[in-house]
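Okay, structure first, notes after.
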Amino acid sequence: MRNEEGLRIQKIESGTVIDHITAGYALDVLRILNIDGKEGHVVSVAMNVRSDKMGRKDIVKIENRELRQEEVDKIALLAPRATINIIRDYGVAQKTRVKLPEVIRDIIRCDNPVCISNAKEPAEPRFYVVSTGPLLLRCHYCGREMGREEILKQFSS
Ligand code: CTP
Ligand code: ZN
């Protein structure tokens, strides 16, 4: 059956559709991608629409912009069930499910100022996923635990 809720916003010719975002998290996803509208892309957001699989979900459509793998990995932090659809010439050219790696490198910094990952010659940031709902990461070096709010703070624009 067609996903009518996905059509609540019209189909796009090219770009990226981020589908199956945890309901209520669309704006956080845009924030973590550093998309604030100033780069000029047409961006459409649908929040709390009905979904067979999820009950409710959010959808983000970014026109004429394909996401890099590193950006897709960031989305997994907030919306572990999201699917990334690359749209070309009105068709779904590629569909991938985001995947949160067990170890997260480089995407975020440790909040602990004296952590070795924040030293003058820093070790590469490395976190373990303690839990995904609610999101909790633990620093490999100093054990500092960071939740969704601390993580999102690093992406404020
Ligand atoms: N979409 C879009 N513009 C297009 C093609 C698709 O905005 N030109 C959107 C659809 O509305 C949907 C998402 O991209 O939200 C994925 O499209 P599609 O794979 O056709 O939908 P489903 O089969 O429902 O996806 P899934 O199986 O992942 O639930
Ligand atoms: Zn640390």
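Side chains are part of it too, since the values below use all heavy atoms of this structure and drop only hydrogens, waters and symmetry mates. Note that ligands are numbered from 1 as they come in the structure, with each ligand's atoms numbered from 1 the same way.
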Could you tell me which atoms of ligand 1, counted from 1 in the order shown, lie closer than 4.0 angstrom to a heavy atom of [X]?
{"X": "N85", "result": "13 (C), 16 (C)"}
{"X": "I12", "result": "2 (C), 3 (N), 4 (C), 7 (O), 8 (N)"}
{"X": "H20", "result": "26 (P), 28 (O), 29 (O)"}
{"X": "I87", "result": "4 (C), 5 (C), 6 (C), 8 (N)"}
{"X": "K53", "result": "26 (P), 27 (O), 29 (O)"}
{"X": "K61", "result": "2 (C), 7 (O), 11 (O)"}
{"X": "D19", "result": "12 (C), 13 (C), 15 (O)"}
{"X": "Y90", "result": "4 (C), 5 (C), 8 (N)"}

Mind listing the closest non-hydrogen atom pair of H41 and E63 along with its distance?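 In terms of heavy atoms, the two residues are closest at ND1-O, 3.0 Å.
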Which atom of A26 lies closest to which atom of I21, heavy atoms considered: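 Residues A26 and I21, closest heavy atoms: N-CG2, 4.1 Å.
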Side chains of N112 and C142 in contact at under 4.5 Å (non-hydrogen atoms):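 Yes, their side chains come closer than 4.5 Å.
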Neighbour count >12 (heavy atoms, 6.0 Å) for atom CG, L152: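 Yes, because the 6.0 Å sphere around CG of L152 holds more than 12 heavy atoms from other groups.
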Mark yes when over 12 heavy atoms from residues, nucleotides or ligands other than R148 sit less than 6.0 Å from its CZ; otherwise mark no.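 Yes, the 6.0 Å shell around CZ holds more than 12 heavy atoms from other groups.
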Can you list every pair that meets salt bridge (Lys or Arg N to Asp or Glu O under 4.0 Å) and has a residue in residues 109-127, with sequence neighbours left out?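 Output for this query lists R105-E124.
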Which residue is it: I107, V29, I151, L67? I am looking for the one with a side-chain contact (heavy atoms from CB on, under 4.5 Å) to K74.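 Looking at I107, V29, I151, L67, the match for K74 under the side-chain contact (heavy atoms from CB on, under 4.5 Å) is I107.
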Given R65 and E39, is the side-chain contact (heavy atoms from CB on, under 4.5 Å) satisfied, shown in steps? CA-CA 11 Å; R65 165 102 144 70; E39 49 180 9; 3.7 Å; yes
Under 2.8 Å from the Zn ion (ligand 2), the protein N, O or S atoms, given as residue and atom: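 Under 2.8 Å from the Zn ion (ligand 2) - ignoring waters, which are not counted - the protein N, O or S atoms are C110 SG, C115 SG, C139 SG, C142 SG.
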Does K95 approach ligand 1 within less than 4.0 angstrom via side chain, backbone, both or neither, non-hydrogen atoms only?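 The answer is the side chain.
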If hydrogens are left out, which of T16, I9, T83, V17 has an atom nearest to atom 13 (C) of ligand 1, that is, the closest non-hydrogen atom?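 Minimum heavy-atom distance to atom 13 (C) of ligand 1 goes to V17.
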Under 3.5 Å donor-acceptor, S131 side chain and P134 backbone: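 Checked: pair present.
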Would you say the ring centroid of H140 lies under 6.0 angstrom from that of Y128?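 Yes: the rings meet the under 6.0 Å criterion.
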Side chain to side chain donor-acceptor pair (under 3.5 Å) between T83 and D19: does it pass, once the steps are laid out? CA-CA 5 Å; T83 45; D19 199 357; 4.5 Å; no
